Amino acid sequence: MLSWMIFSPLIGMAAILAMPRNRPDMVRWAAVITTAVPLALGVMVFSQFDRSTAAMQFVEQVSWIAPFNIEYYVGIDGLSVPMVLLTVLLSFICIFASWNIENGVKGYFSMFLLLESAMLGVFCALDFFLFFVFWEVMLLPMYFLIGIWGGANKVYAATKFFLYTLAGSVLMLLVMLGMYFTTEPHTFNLLHLANLHPFSTLTMNLFGWQLPMDKVFFVALFIGFAIKVPIWPFHTWLPWAHVEAPTAVSVILAGVLLKMGTYGILRISYPILPSATLWAADAMAILGVISILYGAFCAMAQKDLKKLVAYSSVSHMGYVVLGMASLTTAGVNGAVLQMFNHGTSTAMLFLLVGVIYDRAHHRWIVKPDGSRGFGGIASVVPVYTGVMAIAVFASLGLPGLSGFISEALVFLGAFSVPRFQMYVIIGSLGIVLGAAYLLWMFMRVFLGPLNEEWSGLTDMNWRERFTLIPLTILVVVLGVYPMPVLKLMGTTVAKLLTSLT
Amino acid sequence: MSFLDWATGLHGYLFVGTILATLGIIAVVYRRNSIGVLLGIELLLNAASINFIAFSKFRTAAIDGQIFALFIIIIAAAEAAVALAIILRLYRLRETIDAGEANLMRN
Amino acid sequence: MSETAKIILVLFQLLTLASALLVTFSPNILYASISLLFAFLGVAIMFLYAGADFLAGVQVVVYIGGVTILVLFAIMLTSWMYQVKLRDSRGKLIVPLLLALFGLLPFLYQGAQHLASRVLRTVPPDFQTFAYSPKTNAVGEALLGNYLLPFEGITVLLLGALVGAVWLARPK
Amino acid sequence: MVQNCIWIFSLPLIAFVLQASLGKKLPRQGDFISVIALLGSFLLALPIFLQVVSTGNISEAASFTWLSLPLPIPDSFLTSHPGISAPTFNLDIGILLNNPTAIMLGMVTFCCFLIHLFSTGYMKGEDRYNMFFAYISLFSAAMLGLVVSDNLFTFFMCWEVMGVCSYALIGFYYKKPSAINASIKAFMTTRVGDTCFFLGLMGLYIVFGTSNFSEIYQGLQGGFAEGKTILGISALSFIGFMIMMGTIGKSAQFPLQIWLPDAMEGPTPVSALIHAATMVSGGVFLLIRMFPILEAGHVLPIVAYVGAITAFLAAMVAVVQTDIKKVLAYSTISQLGYMVMGIGVGAFAAAFMHLITHALFKACLFLCSGSVIHAVHTQDMREMGALRTKMPLTFLSMLIATLAISGVPFFSGFVSKDRILGGALGYGMEHQVHMLIPILGFAAALLTAFYMFRLIYMTFCGSAKDEHKHTHAHEMPWNMVLPTLLLSGLSLSIWFAGPTGIHGLDPFEVHWFDNAVAAAQTQAGIALHHGDEHIAHTAHSLALVLSLILATAGILLATLTYLKHAISADAWKARLAPLHKVLVHKYYFDELYINVIIQRGLLVWNNLLARFDDRVVDRILVDGWKDISMAIKAFIGKFDDLVVDRIFVDGTGYVTAAGGWILRRFQTGRVQQYVILSLIGFSVAFMCLLAGPK
């Protein structure tokens, strides 16, 4: 089942590549059908998923490269199910969002499907080697998607994204090999590594210093994943990548790719290096809070809509990191829920920015020369404004919408740890700032006197509404009753934390 | 042992052989006339024969040495014939048989 | 061997050496060729004394009879030496002379003597009988016995040389 | 009764959903849906309210688990205790119906219903008419949700949803830049307060593990939170302080009061609904719910001071306001200050009563001003005048409400305000050091009477300043006048404490409110320190006399200056010019917050940080690597070209060529020379052989 889900996009890709070049609509509908398959499988997985056990489900284990006992070991548990569902849903939606891609339609959709299968692979991989392979495979299509179909200086952004993430994954590769060689029956299998986790006792020689091995591994892995999250010092690629990426790609980038980093930490660093996790929890919390505030401050100063949303993603992912670092039930559950909620709300924001960009071909809230970019377009495009309001208030953390629950849980978890209380209070400034920059943007773009230049805007057509309806429903329903998603991850997080405390 | 014994013994033969060989080489090297070179070669060959014969008598007392000397003589004859033919050819081509002129083979 | 025989042998050895000197150093090529003749004669006698009578005969026939005459013919056919006396590189002889005297000769001589003294330490048993017995039938048997292959080879060589010489020297 | 509560809360919610989705298409744009929904809620709330009035006691609760997370328990523990199922962290939410809830329900549903009715008239003809009704019904649902919720979590959720509704309603005329600025200012200020409230909520979870009121009350009595500290200070005072900050944010108290006056940008029914009756009083209701925490956390003195200061300052500014709604806004802030002060000094029941009475007469005042504005199409009092003849009914209800608010006997305002002032005086007499609180309270009472009657005289009495407006003024239709009349009717004191409203002297004493509140206190286990009876009694009687004197003085002063023009307002204005200027600028709070903190501080800091982020972190730290590698690449390129290529490769080529050149000289072509060379070689070899080792 899982392998079908991971590799069905590839089958679709092959079919698309075989199609004639001059039939873009055929290619698009093929892409729709191809992404519909994993969506259906995803729904089946969701229904058949057993919430009570924390063990891996839908496991498929086949030896892949025998001499190095690398296996094609795939399985999902409470941690990866929400992510898989998110990926499958967003990919399906993004196909419709990229309906007006004109040049190189075949190339675009085949790259997109490759990206989708790589993402699903990462979330389902239980073998470190397989995880790394999918991680790298994912980079490739992203590079082309941004590099070819991107905005003004798309090549710069694509290269920067690629090299930055690649640098991170180099560290990951080193740790992977380090783990492979130090474990007695050389293995890449994450579950074995989790049971063995011998690294806390060993020490390693690094440029002459005798350092504890698990802490070095943790830091290396953390940097590799932090680049992806992105956490504060490593975030500078995100605004570039988002500004230059086409709408659908930046939706996927924000909706799913950012979660890879935190997912990686929870899947690899936490179970395998428990002692190092406890040691590094404080540092992670501080970095999380810095990300929250840094993202919020920078977001307020942005003049470009997409860059603002990009920095807001940095801020929201800061919550996830803070939640993870608290190592409490509420905190970690909140973090994983926030990963899911942020996925839906930011995806909505990016889709909406895409809608306005398709019509006005610019995204300036305030033009660089200070004159008004958009102004008071609420009267011209009421439906669009309504949906944007929901998206803004969801990511703002308004109770009744999904953003609030995860933020509340994260703060609850973090606050219950005595030494994190000061971080939480500083972090709560992030909530206020979050409200500030989002509402300020909402005000400058939608409210106030109409800027005649944009009186000709047309409201959303049915295709765009179709992309937004599922996300809106998710945001509202999860806001009112979050248990369906929380139930998925509850037992797994509990088991994860037992191994940590 | 007297000079006579010395001279007619192996030492004498080898001494004559050595002198003949040295003179042969000098002739070959410094004769301007290519025929002179030829003469030098003949001297050399004879020096070799002397040695063979001397050892055939004083060392092995067997016929082999002489057979070799015989073969040397035969070859020398053949070689002289061919050499003179080349010299004639050279003369016809270059109007001279000065060994120094025949340096077409230079770099 | 009687004393007088030894003296005669020494005389002929001196003859050989003197004629060899003439061959290398005489400015006139004709004189050189004729002195070559005498050198071959001396060598033949030495063969005789060394018990190689058949060879002495062959030597006389082939060298003196054949090669020298051949050389004379070549000289006549080529450079009308009467008009043109090839200027030998007289001046340049000093260097080879020195080289020979101090470079080549001492070492060849010392090597030969060293070799000879070592050889003479053991005299073969049938020394006397061999030295003074006729060798012709022995040579004949050897040529058609042990040395049959070289004998045949040498015939091919002679044929090649003959044809080559004739082709090379044909008139244009 | 609990089912009623669920319906009370969800009727407006359904109305919102219907209104938002199909509002436009329905006849009259669907305003009747929300009005009927609110009427339904009111009718459902009435029996509950009447039960409290009659029996004085109601207490029901129902809750369900909204959120449960399995706690990390080592498997060994589970196997060793087969019976127990894995413990989970539960977040239960539900309905709590006790006396305060019932009373609040009564008041809120009644006000909301009347205001909905009023706004059908007031908002007729506005565009986005249906959305207006959608927002106010969502707001009512949120307020009702807040009132009935049995724990602080849903309380907070409804609290924030109300904040958003007020944001949407203040910015209803989104075309006006001032309106949207006001809306974002309101939302941000309340958001600051909400975040502190959120932290208080977190604190509660840490200390009590739950936010359910009854569990908290029991926890407090059981000494649950003794030793616990947050950030070094005692947990309870931290929570108390944070919750107070929440109230300050939402009820526009001293530091965060800048948003309420600007919130007048919204349509008047909104001001009436949100900024008089319900939302702002939600903050006080929070204090009432959380009174035990505040008391245990010794935060009450701070609360009292905040209340007193707000009351006095707001009253001062109200005196100089010329916009009718601004005057009422500041008077609301001032009255809220009274309530907070009441709670601060421990006059729990008085503050609660003032909350109810104030909601009623302030709503009436706002609605009347709404009618006035609707009639003369301006909010500036200086252009009004002599509307008494044109709008008699509105004038009547406004007069009654003004009498109530200025604390004249026979009216509800007097009953509650007098008790608060009595409590404050008692508190002041008991703790001499806090004498400032009652002084501020009484001063505010004087000012209240003064500016309220100033408003009455400037709008209704005197000469018509603007003929054109005056002629057009006319009485409002029934759906606007009826609510004001009903509300003014409720402003009489008989409903609360008997006709004269003077405690003890009144033959037909009505005590339903007091015993309901007393019962509520026993439920919450609040042992009110009654201090010694004697001081309390003298304080009350003294307060009675003082407030009477001050009220009449205020009214007298107002009539002299604005009706009789005996005292010229302008003269006093000139004489107290600096004070006047400060008051007009509202103590420069706006400038402080907006210009200094936001414009110069935050935005500059953001641009700085963004530029830093772009320049330093992006360009230098990341692209820096590119430059470094380019430099290395260039160096290696040059090195490679110069050293490796030139010297080694070409060098060998050169050497071989030279060698070749030298050797060529030997190939002279002369055979003899070759022989010489080989001779030399031979002799050398021979010499080595001989000279070599033997």
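Here is how names work: the chains are called A, B, and so on, in the same order as the sequence lines, proteins then strands, and each is numbered from 1. Basis for what follows: all heavy atoms, side chains included, without hydrogens, waters or symmetry-related copies. Given the structure is predicted, the values throughout are model-derived calculations rather than measurements.
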- Message: With a 3.5 Å distance limit and no angle check, can you tell me whether B:Gln66 reaches the backbone of C:Val139 through a side-chain donor-acceptor pair?
- Response: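 Side chain of B:Gln66 to backbone of C:Val139: no pair is present.
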- Message: Please check this pair: side chain of B:Tyr13 against backbone of C:Met46, looking for a donor-acceptor N/O pair closer than 3.5 Å.
- Response: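 Here the side-chain-to-backbone pair exists.
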- Message: Can you tell me which portion of B:Leu84 sits under 4.5 Å from chain C's heavy atoms? Options are side chain, backbone, both or neither.
- Response: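 Side chain only.
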- Message: With a 4.5 angstrom heavy-atom cut-off, is it the side chain or the backbone of B:Asn51 that approaches chain C, or both, or neither?
- Response: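 Answer is neither: B:Asn51 stays 4.5 Å or more from chain C.
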- Query: Taking the side chain as C-beta and beyond, is there a heavy-atom pair between C:Phe151 and B:Ile74 under 4.5 Å?
  - Reply: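 With C-beta onward as the side chain, the pair stays apart.
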Pairs of heavy atoms under 4.5 Å with chain B: top-ranked of [options]:
options                            : answer
C:Leu162, C:Leu157, C:Leu143       : C:Leu143
C:Leu21, C:Val10, C:Leu55, C:Leu36 : C:Leu55
C:Leu168, C:Ile7, C:Thr16          : C:Leu168

Considering only heavy atoms, which portion of [X] lies under 4.5 Å from any heavy atom of chain B: side chain, backbone, both, or neither?
X       : value
C:Thr68 : neither
C:Leu22 : backbone
C:Phe54 : side chain
C:Tyr63 : side chain

- Query: Could you go step by step and tell me if B:Ile53 and C:Val43 meet the side-chain contact (heavy atoms from CB on, under 4.5 Å) rule?
  - Reply: CA-CA 10 Å; B:Ile53 300 304; C:Val43 167; over 6 Å; no
If I take atom [atom1] from residue [X] and atom [atom2] from residue [Y], how far apart are they, to the nearest 0.5 angstrom?
X       : Y        : atom1 : atom2 : value
C:Phe47 : B:Lys57  : CZ    : NZ    : 13.5 Å
B:Leu43 : C:Ser35  : CG    : OG    : 8.0 Å
B:Ile63 : C:Tyr147 : CD1   : OH    : 9.0 Å
C:Leu17 : B:Leu23  : CG    : CG    : 7.5 Å
C:Phe25 : B:Ile26  : CZ    : CD1   : 4.5 Å

Shorter than 4.5 Å, heavy atoms on both sides: which option in [options] has the most such pairs with chain C?
options                            : result
B:Ile75, B:Ile86, B:Ile67, B:Asp64 : B:Ile67
B:Leu14, B:Leu70, B:Ile19, B:Leu45 : B:Leu70
B:Val28, B:Thr18, B:Leu38          : B:Thr18
B:Gly24, B:Ser49, B:Ala69          : B:Ser49

- Task: Begin from the C-alpha positions of B:Phe71 and C:Ile154 and carry the test side-chain contact (heavy atoms from CB on, under 4.5 Å) through to its verdict.
- Result: CA-CA 8 Å; B:Phe71 281 133; C:Ile154 214 73; 4.0 Å; yes
- Checking side-chain contact (heavy atoms from CB on, under 4.5 Å) for the pair C:Tyr49/B:Thr8: CA distance, chi angles, key distance, verdict? CA-CA 8 Å; C:Tyr49 269 87; B:Thr8 58; over 6 Å; no
Which atom pair, heavy atoms only, marks the closest approach of [X] to [Y]?
X        : Y        : result
B:Leu39  : C:Ala32  : CD1-CB, 3.7 Å
C:Val67  : B:Ala80  : CG1-CB, 4.2 Å
C:Ala20  : B:Leu20  : CB-CD2, 3.4 Å
C:Leu158 : B:Ala78  : CD2-CB, 3.8 Å
B:Ala85  : C:Ala165 : CB-O, 3.6 Å

- C:Phe40 vs B:Glu42, side-chain contact (heavy atoms from CB on, under 4.5 Å): CA-CA, chis, key distance, verdict: CA-CA 9 Å; C:Phe40 288 152; B:Glu42 293 308 329; 3.8 Å; yes
